[in-house]
Amino acid sequence: MRDLLFGYAFYYPLIMAWMWMIGGLWYFLRWENRYDLGPDYPPPVSKQPPASILIPCFNEEQNVRDTIAYALATEYPDFEVIAINDGSKDRTAEILDELAQTNPRLRVIHLTTNQGKAMALRAGAISARSEFLICIDGDALLHPNATAWMMMHLASGNRVGAVTGNPRILNRSTLLGKLQVGEFSSIIGLMKRAQRVYGRLFTVSGVIVGYRRTALHRIGYWSELMITEDIDISWRLQMDHWDIRYEPDALCYIYMPETFAGLWKQRLRWAQGGVEVLLHHGRDLLIWRRRRFWPVAMEYLASVAWAYIMLAIIILYVVGQFVTLPPQWHIDTLLPQWNGVILGITAMAQFGISLLIDRRYEPKKRFFRNYFWIIWYPLAFWLLTLSTTIVAVPKTLLKKRGQRARWVSPDRGVRAEEGVEK
């Protein structure tokens with residue numbers, strides 16, 4: 001039994017890392033390698049249909065001016081910006097009304113009470129004049145060319161239901177911030193590239209994503225009962241046979257938590273959202289015509305199993321320090337052996353490949369700096385992922401059914417003056 005546990009704990013991350021590397025490289029060579037067109041080559045936009053940029057806001061008085069300014073600076077011929085004030089208790093509503101008076105492209109919708117991000121997005125979608133919706137968070141800074149890149153996909157075929165963009169982290173003044181820069185490249189970015197190659201994405205990035213309103217209408221828009229509306233709507237769109245694409249050139253600059261408490265809350269929410277959609281849609285996946293989504297669900301189940309197997313190994317080791325266990329259950333040490341060396345080398349190869357692919361989206365001077373900091377990623381974030389997954393499963397099972405998901409103001413890190421490259 002001990003060998004079985006250690007075998008799974010070793011081979012799962014090893015196999016997944018190589019799948020992500022192979023898939024990510026294939027995506028890069030087939031779709032992303034546009035250097036012959038120039039690193040900042042935007043797609044043609046002269047004949048593209050109109051777009052609506054939706055920005056749900058809740059208590060964003062510190063960020064909303066910058067967010068609206070960047071959205072209005074979008075380089076696209078026909079677009080509107082719709083800001084949805086979801087019952088904010090600060091000066092968000094006042095600031096939005098002030099901005100709307102001087103910017104004809106900006107419209108503001110006020111919800112009298114806080115309804116949650118899902119309901120705010122639904123209000124914006126119903127009010128939008130366009131078939132195509134570009135959704136960003138209330139503290140995100142949209143790159144001027146991002147809408148054009150996303151519209152290139154949305155307008156390319158009637159079965160494209162959504163396209164997810166490429167979030168880039170602004171605040172990098174602490175170790176946690178630096179680690180997350182590498183995480184978004186080596187794990188999140190590489191995973192999305194690989195999943196796109198394999199046919200289905202686990203989730204869009206809620207901070208920057210574009211939708212076809214017809215697709216949203218077919219599935220009933222966002223669910224106000226799910227703690228992570230982006231994971232839930234990704235599953236429902238793809239189970240309804242809509243295609244979701246990934247566009248790394250659709251950049252959006254974001255602030256991430258830089259305290260352990262803030263990071264824990266965010267990742268626990270992500271983990272709980274994954275468990276929720278699996279429990280909610282698991283039975284629907286058994287239908288044969290949804291078989292293309294099976295690998296994504298199996299990958300997630302395997303990650304949950306890995307977390308609990310690691311917990312079992314830790315428990316067996318601790319118990320073995322106080323009582324005598326049968327030889328097949330005894331764990332000698334938790335320190336890395338030869339298998340740990342192989343995983344470490346694989347992780348560094350994965351980080352190197354992901355950062356090389358992502359180098360066009362980062363200032364050149366930061367490339368080797370990011371590679372140095374990401375060395376510490378496995379210790380910090382593997383433990384975090386393991387812990388949040390273990391906590392998320394019972395928390396989701398014990399959650400009160402029918403309870404609407406509400407906004408919670410996140411930790412947005414230590415604000416350093418970081419330049420945003422346009």
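Computed from a predicted model, the values in this text were never measured in an experiment.
Nearest heavy-atom pair, Val163 versus Met150, reported as atom, atom and distance to 0.1 Å: O-CE, 3.1 Å. Gly273 and Thr228 make their closest contact through CA-OG1, 3.0 Å (heavy atoms, listed as atom of the first residue, atom of the second, distance). The minimum heavy-atom distance linking Leu237 with Ala162 is given by the pair CD1-CB, 4.0 Å. Between Asp232 and Ser223, the closest heavy-atom pair is OD2-CB, 3.5 Å. Closest heavy-atom contact between Leu106 and Ala100: CD2-N, 3.6 Å. Between Met310 and Ala9, the shortest heavy-atom distance links the atoms SD-CB, 3.6 Å.
For the atom pair Ile55 CD1 and Asp139 CG, the distance stands at 10.5 Å (nearest 0.5 Å). Thr147 contributes atom OG1, which lies 11.0 Å from atom CD of Gln48 (distance to the nearest 0.5 angstrom). Between atom OG1 of residue Thr389 and atom CG of residue Leu384 there is a gap of 9.0 Å, rounded to the nearest 0.5 Å. The line from OH of Tyr76 to CD1 of Ile53 is 10.0 Å long, rounded to the nearest 0.5 Å. How far SG of Cys252 is from CG of Leu142: 5.5 Å, rounded to the nearest 0.5 Å. To the nearest 0.5 angstrom, Leu251 atom CG is 12.0 Å from Leu141 atom CG.
Less than 6.0 angstrom separates the ring centroid of Trp222 from the ring centroid of Tyr211. Checked against a 6.0 Å centroid threshold, the rings of Trp306 and Tyr8 do not count as neighbours.
Taking 4.0 Å as the cut-off between side-chain N and carboxylate O, Arg193 and Glu32 count as a salt-bridged pair. One finds a salt bridge joining Arg168 and Asp358 here, because a Lys/Arg side-chain nitrogen approaches an Asp/Glu carboxylate oxygen to under 4.0 Å. The pair Arg91-Asp97 does not meet the salt-bridge criterion, since no charged nitrogen lies less than 4.0 angstrom from a carboxylate oxygen. Of the charged side-chain nitrogens involved, none lies within less than 4.0 Å of a carboxylate oxygen, so that Lys395 and Glu276 do not count as a salt-bridged pair. Salt bridge Arg218/Asp240: present, at least one basic N to carboxylate O contact under 4.0 Å.
The backbone N or O of Glu131 sits nowhere less than 3.5 Å from a side-chain atom of Arg212 that would complete a donor-acceptor pair. When atom types are taken as modelled, the side chain of Trp26 and the backbone of Ala194 share no donor-acceptor pair closer than 3.5 angstrom. Between the side chain of Tyr300 and the backbone N or O of Val275 there is at least one donor-acceptor pair closer than 3.5 Å. Between the side chain of Ser130 and the backbone N or O of Pro50 there is at least one donor-acceptor pair closer than 3.5 Å. When atom types are taken as modelled, the side chain of Glu299 and the backbone of Pro295 share no donor-acceptor pair closer than 3.5 angstrom. Side-chain atoms of Arg236 come within 3.5 Å of backbone N or O of Tyr221 as a donor-acceptor pair. The closest donor-acceptor contact from the side chain of Ser234 to the backbone of Val204 lies under 3.5 Å. Side-chain N or O atoms of Thr67 include one that pairs as donor or acceptor with a backbone N or O of Gly138 at under 3.5 Å. A distance-only check finds no donor-acceptor pair linking the side chain of Gln115 to the backbone of Ala120 [under 3.5 Å]. Judged by distance alone, with hydrogens and angles left aside, the side-chain atoms of Glu80 form a donor-acceptor pair with the main-chain N or O of Arg129 at under 3.5 Å.
Heavy atoms of other residues, nucleotides or ligands lying less than 6.0 angstrom from CG of Asp284 number more than 12. Within 6.0 Å of CH2 in Trp264 there are more than 12 heavy atoms belonging to other residues, nucleotides or ligands. For His241, the NE2 atom sits in a packed shell: over 12 heavy atoms of surrounding residues, nucleotides or ligands are nearer than 6.0 Å. Counting non-hydrogen atoms of neighbouring residues, nucleotides and ligands closer than 6.0 angstrom, the CZ atom of Arg291 exceeds 12 such neighbours. Enclosure of atom OH in Tyr11 is not indicated, since only 12 or fewer non-hydrogen atoms of other residues, nucleotides or ligands lie within 6.0 angstrom. Atom CH2 of Trp294 has more than 12 heavy atoms from other residues, nucleotides or ligands within 6.0 Å.
Side-chain contact between Phe58 and Asn114 is present, with at least one heavy-atom pair separated by less than 4.5 Å. Counting only heavy atoms from C-beta outward, the side chains of Glu247 and Arg196 never approach each other to under 4.5 Å. Using a 4.5 Å heavy-atom cutoff, the side chains of Val393 and Tyr308 are in contact. Looking only at side-chain heavy atoms (C-beta outward), Leu190 and Tyr27 stay at 4.5 Å or farther from each other. Under the 4.5 Å side-chain criterion, counting only non-hydrogen atoms from C-beta, Leu263 is not in contact with Thr259. For the pair Leu201 and Thr164, the minimum side-chain heavy-atom distance is below 4.5 Å. Considering only heavy atoms from C-beta on, Ile233 comes within 4.5 Å of Leu216 through its side chain. You'll find the side chain of Asp86 stays beyond 4.5 Å of the side chain of Pro56, heavy atoms only.
When only modelled atom types and interatomic distance are considered, Thr388 and Arg269 share no side-chain donor-acceptor pair under 3.5 Å. With no hydrogens or angles considered, no side-chain donor-acceptor pair links Glu94 and Thr92 at under 3.5 Å.
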### Task
Check step by step if side-chain contact (heavy atoms from CB on, under 4.5 Å) holds for Ile134 and Phe79.
CA-CA 10 Å; Ile134 309 300; Phe79 72 95; over 6 Å; no

### Task
Go through the steps for Arg122 and Glu229 under the test salt bridge (charged side-chain N to carboxylate O under 4.0 Å, His left out), then give the verdict.
CA-CA 11 Å; Arg122 182 184 296 221; Glu229 82 292 332; over 6 Å; no

### Task
Output, in order, the C-alpha distance, side-chain angles, deciding distance and verdict of side-chain contact (heavy atoms from CB on, under 4.5 Å) for Met256 and Gln266.
CA-CA 9 Å; Met256 294 293 287; Gln266 182 196 63; 3.2 Å; yes

### Message
Walk me through whether Trp31 and Tyr246 qualify under side-chain contact (heavy atoms from CB on, under 4.5 Å).
### Response
CA-CA 10 Å; Trp31 288 307; Tyr246 173 59; over 6 Å; no

### Message
Test side-chain contact (heavy atoms from CB on, under 4.5 Å) on Lys192 and Ser205; report intermediate values, then the result.
### Response
CA-CA 10 Å; Lys192 278 186 168 53; Ser205 295; 3.4 Å; yes

